[in-house]
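Structure, as structure tokens:
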Number of protein chains: 2
Amino acid sequence: MATAGAKRRKPGRAPPRAVGLTREAVIAAALEEIDAIGLHGFSIRGLARRLGVNPTVVVWHLGNRNLVLAEVVKTVQRDLVPPRPSGQPWQERLRQVFLRSREAVRRHPNVAPLIGAEIVSNARPDLGLVEALLEALSEAGFAGDALRRAYNATQAALVGFTTQELAQMPGEDLPGWREEMRQHLDRTDPSAHPILAREMPHLRNRAFILRWQNGVEMPMDDSFALYVDCFIAGLAARAPG
Amino acid sequence: MATAGAKRRKPGRAPPRAVGLTREAVIAAALEEIDAIGLHGFSIRGLARRLGVNPTVVVWHLGNRNLVLAEVVKTVQRDLVPPRPSGQPWQERLRQVFLRSREAVRRHPNVAPLIGAEIVSNARPDLGLVEALLEALSEAGFAGDALRRAYNATQAALVGFTTQELAQMPGEDLPGWREEMRQHLDRTDPSAHPILAREMPHLRNRAFILRWQNGVEMPMDDSFALYVDCFIAGLAARAPG
DNA sequence: ACCTGAACACCGTTCAAGT
DNA sequence: ACCTGAACACCGTTCAAGT
């Protein structure tokens, strides 16, 4: 009972269409998918549906799921490469890197956990940012082991705030979770937590641990500015130069 | 063909044993499982195997996978509650909180990503740490919106370093990934990245982005110390008090 | 209250086969 | 080189049924 006009072949086997998919196109689609539905729901099969191909095609082009994510991270981080030195003092150059990094991640907030909490399977990290940090810190007078410490502290600070600001929301029953969180905060016991109870009007949904929206809906710009200022000022006070 | 001595019942249905499992026992086992195999491999079914029960039992006790993880995070964070004020200046008290937080997370490094990059579905966060931070920062002279900014900056700094230090390694082909990373670093182009190339002996596997082991195997104590000092000094310089 | 077991709708990945 | 499709060994969660 073959369909009229159909060539003879094993039943149910469609002819491969020349989709013309490239590695780059798969990566771009993966980033779109993650932007749209988040990291929790991301799957190779879902990505394949978006692309209109068989799931195995994604594996063929990228290898496996982790490697897809690694390429997505690389794409997001490409935006982050700092400008060449501009005659400004190192503190100001460093501050620019902090601001630009946050902006780059904010463009793809769902990727934030991969950048902040995973050594993603990326064997060829972009070293441009590393060099830029080392340059600024060298100018500040750090060298040798002190340069290593300063670099590590800076790198941690660079990623830390934004990772938390854009922390992933619970995947399910978001409205219920939010309502529970709101009620829990409103029931703060002033005898157990006097300062918190007093300051709650300033803090409700605008402070870590005390919020029910993340930085996508409630950005924390002014806190980030203080964070950057504190860190760079502390670094400057410890710089040999 | 029922086994001799077996009571008559539907074939293959074993009698429920009185396992006597409690919610707390399930949570404790979940933490053990994550300590042992990491977050990537953690599953309700695997946890059930460890407990010797049907997977549905875990769901019955905890609700779902996310709620299991939320309870695990709560357990780890319980270790983190700071000591009561001790007459020391606020800078020193804050420093103690930083050190204690890192130690608490280091005891369960595989949980780090949940703490640093997810607003875990926890409707009843422990507010003891929040109050301790607010107390120290109030003593420093911060109030109102300035207190909020200082609290957010501190909270971000508190979690940022350790989350990255303990970032999850790639789940598969670890040896291959490590070898590739080593080779990539050794091939650093001195004309493109002169400072990095020169400083590589100090940085290899001891600096973010340039390492193939995480903080479990290669702790970054001295960098963390600088990070904490910088942040608190910067904060002190901006404190109204 | 606490447990088993079957079932459902998903996964990632491998393998053989097509063009 | 690039694609389809079947198959395998997993998932989380729901539902009915036992004691």
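Residue numbers start from 1 in every chain, and the chains themselves are labelled A, B, ... in the order their sequence lines are given, proteins ahead of strands.
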Is the phosphate of C:dC11, meaning OP1 or OP2, less than 4.0 Å from a side-chain N or O of A:S43?
yes

Can you check the B:L21 CG to C:dC3 C1' distance for me, whole Å?
10 Å

When rounded to the nearest 0.5 Å, the distance separating CD1 of A:I37 from CG of A:N110 is 9.0 Å

Kindly give the heavy-atom pair with the smallest separation between A:A29 and A:R50, and that separation in Å.
O-CD, 3.7 Å

Picking from D:dC3, D:dT14, D:dC11, the nucleotide nearest the side-chain atoms of B:V59 would be D:dT14

Whole-Å gap separating P (D:dT14) and CG (B:L62)
14 Å

Could you state the atom-to-atom distance from CZ of A:R65 to P of D:dC10 in whole Å?
18 Å

With the side chain of A:V53 defined as its heavy atoms from C-beta on, choose the nearest nucleotide among C:dC2, D:dT14, D:dT4.
D:dT4

Closest nucleotide of DNA chain C for B:T22 versus for A:R45: which of these residues is on the 5' side?
B:T22

Between B:N205 and B:Q213, does any side-chain donor sit less than 3.5 Å from a side-chain acceptor?
yes

At under 4.0 Å, does any side-chain N or O of A:H61 touch on OP1 or OP2 of D:dA1?
no

Does C:dC10 have its OP1 or OP2 closer than 4.0 Å to a side-chain nitrogen or oxygen of A:R49?
no

Length of the CG-C1' vector between A:L67 and C:dG12, whole Å
13 Å

A:H40 NE2 - C:dC10 P separation (whole Å)
19 Å

Under the salt bridge (Lys or Arg N to Asp or Glu O under 4.0 Å) test, residues paired with B:E103 that sit two or more places apart
none

Just need the stems in DNA chain C: three or more back-to-back Watson-Crick or G-U pairs, each with both distances under 3.5 angstrom, sorted by first number.
C:4-8 with D:12-16, C:12-16 with D:4-8

From C-beta outward on B:W60, which listed nucleotide comes closest to its side chain: D:dG12, C:dC2, D:dA6?
C:dC2

Ignoring the backbone of A:V57, work out which of D:dC3, C:dG12, D:dG12 is nearest its side chain.
D:dC3

Aromatic ring centroids of A:F224 and A:F161 under 6.0 Å?
yes

Nearest-Å distance, CG (A:L47) to C1' (C:dG12)?
13 Å

Quick one: does B:N54 reach the base of C:dG5 with a side-chain donor-acceptor pair under 3.5 Å?
yes

If I take atom CD1 in residue A:I44 and atom P in nucleotide D:dC3, what distance separates them, rounded to the nearest angstrom?
15 Å

Nearest heavy-atom contact between B:F208 and A:A156 is CE1-CB, 3.7 Å

Quick one: CG on B:L158 to CG on B:L129, what's the gap to the nearest 0.5 Å?
6.0 Å

